[in-house]
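Just below is one structure, and these are the notes that go with it.
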Amino acid sequence: MSSEIPCKERWYDDFSVGESFVLGSVEMVENDMINFACQFDPQPFHIDPGAAVDTIFGGLVASGCHTLSLMMKLNTEAFLGQHALGSPGIRELSWPAPTRPGDILTLTAKVLDMRLSESRPNLGLIEVHYEMTNQNGDLSLTAISTIMFAKRATSD
């Protein structure tokens with residue numbers, strides 16, 4: 001039964017539309033948030049707790065790029081395995097609520113759609129809806145991505 005197969009060992013054929021997975025959690029550490037933002041997104045509300053108080057956020061918030069990177073880390077650790085072959089892209093991406101220091105973000109994934117590749121008979125494409133929620137249930141990130149997975153070889 002496919003639900004008994006760990007995500008990282010699955011082939012395209014082992015997934016089914018509607019399946020959901022909890023892929024793990026991560027704590028947002030203020031120092032890590034600031035260091036990431038200093039390098040990649042140096043806006044005042046990401047890098048300066050004092051200046052962030054006077055913004056619409058009322059305090060320090062994580063860069064959306066940081067939360068997206070953490071989504072990919074959890075996704076890679078728990079969902080993508082040796083049969084995942086990359087992604088042609090993310091169709092939707094949003095940050096409905098700000099992420100703050102101390103938040104515990106949990107990533108879930110749900111298989112929305114599956115289709116066989118028209119040009120490569122050895123792979124299938126899986127559309128996945130990701131959500132990262134904090135400890136209060138606030139939605140910090142949502143994304144819909146397509147992932148290519150190898151199909152299990154069949155003997156004819």
Side-chain angles (χ1 to χ4, degrees), residues 1-41 43 46 60-156:
M1 183 171 206
S2 68
S3 62
E4 297 173 7
I5 302 170
C7 289
K8 290 188 66 86
E9 296 176 18
R10 289 179 176 215
W11 298 83
Y12 170 82
D13 317 74
D14 296 321
F15 290 96
S16 61
V17 172
E19 278 189 289
S20 294
F21 310 93
V22 177
L23 301 181
S25 299
V26 62
E27 182 175 358
M28 298 304 293
V29 177
E30 183 172 309
N31 238 13
D32 294 344
M33 291 168 52
I34 292 170
N35 289 337
F36 182 96
C38 282
Q39 187 170 2
F40 300 108
D41 192 359
Q43 298 181 71
H46 296 322
L60 193 72
V61 296
S63 166
C65 296
H66 190 184
T67 57
L68 178 61
S69 296
L70 292 170
M71 180 199 94
M72 284 307 303
K73 181 179 190 295
L74 292 172
N75 193 35
T76 301
E77 290 174 350
F79 189 69
L80 305 177
Q82 64 182 347
H83 306 300
L85 305 172
S87 171
I90 295 175
R91 180 166 53 91
E92 293 181 24
L93 175 63
S94 64
W95 298 275
T99 298
R100 300 184 183 278
D103 279 352
I104 307 293
L105 300 180
T106 300
L107 179 64
T108 59
K110 182 177 182 178
V111 177
L112 295 180
D113 192 28
M114 298 175 65
R115 66 185 186 282
L116 298 173
S117 171
E118 293 178 10
S119 60
R120 296 183 179 166
N122 62 331
L123 66 85
L125 297 110
I126 299 176
E127 187 176 62
V128 180
H129 180 232
Y130 294 99
E131 289 187 345
M132 288 186 91
T133 54
N134 68 17
Q135 67 283 354
N136 301 318
D138 298 325
L139 188 58
S140 296
L141 178 148
T142 182
I144 296 177
S145 179
T146 301
I147 305 166
M148 297 179 291
F149 277 87
K151 288 179 53 187
R152 180 178 278 114
T154 57
S155 55
D156 294 328

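What you see below is based on every heavy atom in this structure, not just the backbone, and it leaves out hydrogens, waters and symmetry mates. The residues of the chain are indexed from 1 along the displayed sequence.
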Set of residues satisfying side chain to side chain contact (heavy atoms under 4.5 Å, CB included) with respect to Ser117, sequence neighbours excluded
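Ser117: side chain to side chain contact (heavy atoms under 4.5 Å, CB included) contacts with Ser119, Arg120, Leu123, Leu125.
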
Is there a donor-acceptor pair closer than 3.5 Å between any side-chain N or O of [X] and the backbone N or O of [Y]?
X      : Y      : result
Ser145 : Val128 : no
Ser87  : Thr146 : yes
Asn136 : Asp138 : no
Tyr12  : Arg115 : yes

Residue pair [X] / [Y], side-chain heavy-atom distance below 4.5 Å:
X      : Y      : answer
Thr133 : Leu105 : no
Leu141 : Leu68  : yes
Met33  : Met28  : yes
Leu23  : Tyr130 : yes
His66  : Asp41  : no
Pro96  : Thr142 : yes
Ile104 : Glu27  : yes
Cys65  : Phe36  : yes

How close do [X] and [Y] get, heavy atom to heavy atom, and via which atoms?
X      : Y      : result
Leu85  : Phe149 : CD1-C, 4.1 Å
Asp13  : Arg152 : OD1-N, 2.6 Å
Leu112 : His129 : CD1-CB, 3.6 Å
Leu74  : Met132 : CD1-CE, 4.2 Å
Gln135 : Asp103 : NE2-OD1, 3.1 Å

Quick one: which residue pairs count as a ring-ring contact (aromatic ring centres under 6.0 Å, His included) with a foot in residues 79-101, not counting sequence neighbours?
Trp11-His83, Phe15-Phe79, Phe21-Phe79

Give, for atom [atom1] of [X] and atom [atom2] of [Y], the distance between the pair rounded to the nearest 0.5 Å.
X      : Y      : atom1 : atom2 : answer
Glu131 : Ser20  : CD    : OG    : 9.5 Å
His46  : Ile34  : NE2   : CD1   : 11.5 Å
Arg10  : Ser16  : CZ    : OG    : 7.0 Å
Asn122 : Met148 : CG    : CE    : 10.5 Å

In terms of side-chain geometry, is the basic nitrogen of Lys8 or Glu77 positioned less than 4.0 Å from the acidic oxygen of its partner?
no

Over 12 foreign heavy atoms within 6.0 Å of CD, Glu92:
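It does: Glu92 CD has more than 12 such atoms within range.
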
Worked verdict on Thr67 versus Ser140 for side chain to side chain contact (heavy atoms under 4.5 Å, CB included)
CA-CA 8 Å; Thr67 57; Ser140 296; 5.5 Å; no

